[in-house]
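Here is the structure we will look at.
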Amino acid sequence: HLENLAKRLNIDVTFTGFLDVTSTREIIKSSHLFVMTSKREGFPYTFVESMHLNTPFISTDISDIKKFISQKFIFQDEVELKKKIVFIKNNYNTILKEFDEIFKITKKEFSLENMVRRTIEVYEKL
């Protein structure tokens, strides 16, 4: 389905299968958009990676993703996905500006220091 959608939208899509961390980061960093199509997922670490690499992210409504990206970047089905991809493609510079604040917030929230601090707080409560 996604390959056909990509062809109809005239966009390049990479389906890689398993990759090592370095290769994954290189692909995310060189991409204009990360699309998460999972129906069920714990909080996706790929979102954190994308934010740290300044790559906009759209997703199905999984986990706590709405805490970080607005409904504008969440889709329910292939029809919505297509609309969002076309919108982003046609308004890419505006989307990057919108994501600037999301990049900053998530980089702070998911910094190594902040995550270590929060983990220690959990242990201290025990």
Side-chain angles (χ1 to χ4, degrees):
H1 292 312
L2 291 175
E3 289 174 329
N4 291 333
L5 177 61
K7 285 178 186 174
R8 289 194 311 267
L9 295 174
N10 193 29
I11 58 175
D12 293 325
V13 176
T14 303
F15 297 98
T16 63
F18 179 79
L19 293 173
D20 60 62
V21 173
T22 302
S23 297
T24 301
R25 286 186 182 137
E26 287 174 14
I27 289 174
I28 293 171
K29 188 175 183 172
S30 68
S31 298
H32 289 93
L33 179 65
F34 190 105
V35 179
M36 171 66 70
T37 60
S38 297
K39 292 186 180 192
R40 284 185 218 114
E41 177 110 18
F43 192 80
Y45 189 71
T46 53
F47 172 73
V48 175
E49 289 177 308
S50 294
M51 296 303 96
H52 278 266
L53 296 169
N54 296 328
T55 303
F57 190 95
I58 62 174
S59 178
T60 51
D61 188 7
I62 52 171
S63 187
D64 288 339
I65 202 74
K66 284 184 190 172
K67 289 183 179 180
F68 298 96
I69 60 175
S70 72
Q71 189 65 38
K72 180 178 188 176
F73 303 112
I74 296 174
F75 59 91
Q76 302 299 320
D77 55 35
E78 186 178 310
V79 173
E80 275 189 76
L81 172 59
K82 178 181 176 179
K83 288 178 184 177
K84 290 184 189 300
I85 289 173
V86 169
F87 179 79
I88 290 168
K89 184 177 178 184
N90 292 334
N91 299 281
Y92 193 70
N93 289 329
T94 302
I95 297 302
L96 278 178
K97 287 179 186 174
E98 286 185 49
F99 264 90
D100 272 344
E101 190 61 26
I102 299 170
F103 294 146
K104 289 176 191 172
I105 290 168
T106 55
K107 284 177 186 177
K108 182 179 178 185
E109 178 76 15
F110 295 107
S111 69
L112 181 59
E113 295 80 17
N114 192 42
M115 293 174 74
V116 167
R117 180 188 55 75
R118 289 171 61 189
T119 301
I120 291 171
E121 287 173 0
V122 168
Y123 282 112
E124 287 175 343
K125 287 180 183 178
L126 296 174

Hits for side chain to side chain contact (heavy atoms under 4.5 Å, CB included) against Asp20, two or more places apart or cross-chain, chain-then-number order -> Thr22, Ser23

Rounded at 0.5 Å granularity, tell me how far CD1 in Ile69 sits from NZ in Lys67. 14.0 Å

Are Tyr45 and Met36 in one and the same hydrophobic cluster, where Ile, Leu, Val, Met, Phe, Trp and Tyr link if side-chain heavy atoms are under 4.5 Å apart? yes

More than 12 heavy atoms of other groups within 6.0 Å of Lys89 NZ: yes

Transitive ILVMFWY side-chain link Val48 to Leu19, under 4.5 Å: no

Linked, directly or transitively: Ile85 and Ile27 (ILVMFWY side chains, under 4.5 Å): no

Measure the acute angle between the ring planes of Phe47 and Phe57, then classify it against the limits of 30° and 60° as parallel, tilted or perpendicular. perpendicular

So, for Arg8 and Glu78, which heavy atoms are closest and what is the spacing to 0.1 Å? NH2-OE2, 3.1 Å

State the NZ-CG distance between Lys108 and Asn114, to the nearest 0.5 angstrom. 8.0 Å

Any chance you could lay out the side chain to side chain contact (heavy atoms under 4.5 Å, CB included) test for Phe75 and Val35, step after step, and finish with the verdict? CA-CA 10 Å; Phe75 59 91; Val35 179; 4.0 Å; yes

Distance, nearest 0.5 Å, that separates CG of Asn54 from OG of Ser50: 10.0 Å

Just by distance, do the side chain of Thr55 and the backbone of Ile28 share a donor-acceptor pair under 3.5 Å? yes

Please determine whether residues Ile105 and Phe43 belong to a single hydrophobic cluster, defined as Ile, Leu, Val, Met, Phe, Trp and Tyr linked transitively by side-chain heavy-atom distances below 4.5 Å. no

Joint cluster assignment, Phe87 & Leu33, ILVMFWY side-chain distance < 4.5 Å: yes

Has Arg40 got more than 12 heavy atoms of other residues, nucleotides or ligands less than 6.0 Å from its CZ? no

Kindly indicate whether the side chain of Gln76, heavy atoms from C-beta on, has any atom under 4.5 Å from the side chain of Asp61. yes

Side chain to side chain contact (heavy atoms under 4.5 Å, CB included) between Glu49 and Phe34, worked out: CA-CA 10 Å; Glu49 289 177 308; Phe34 190 105; over 6 Å; no

On a heavy-atom basis, which atom in Thr106 and which in Met51 lie closest, and how many Å separate them? OG1-CB, 3.0 Å

Give me the atom names and distance for the closest heavy-atom approach of Ser38 to Ile62. O-CG2, 3.4 Å

Counting heavy atoms not belonging to Asn90, are there more than 12 under 6.0 Å from its CG? yes

I need the minimum non-hydrogen distance between Lys84 and Ile58, along with the two atoms involved. CB-CD1, 4.3 Å

For Lys107, is the NZ atom crowded, meaning more than 12 foreign heavy atoms sit under 6.0 Å from it? yes

Going through the checks in order, is the salt bridge (charged side-chain N to carboxylate O under 4.0 Å, His left out) test met by Glu113 and Arg117? CA-CA 6 Å; Glu113 295 80 17; Arg117 180 188 55 75; over 6 Å; no

One should read off an interatomic distance between Lys29 NZ and Thr24 OG1, to the nearest 0.5 angstrom, of 14.5 Å

Just wondering, more than 12 heavy atoms not from Asp77 lying within 6.0 Å of its CG? yes

Identify each donor-acceptor pair in which a side-chain atom of residues 92-103 lies under 3.5 Å from a protein atom, sequence neighbours left out, and give them as a table.
residue	atom	partner	partner atom	Å
Tyr92	OH	His32	O	2.8
Glu98	OE1	Lys72	NZ	3.0
Glu98	OE2	Lys72	NZ	2.7

Output the distance between atom CG (Leu81) and atom OG (Ser59), rounded to the nearest 0.5 Å. 10.5 Å

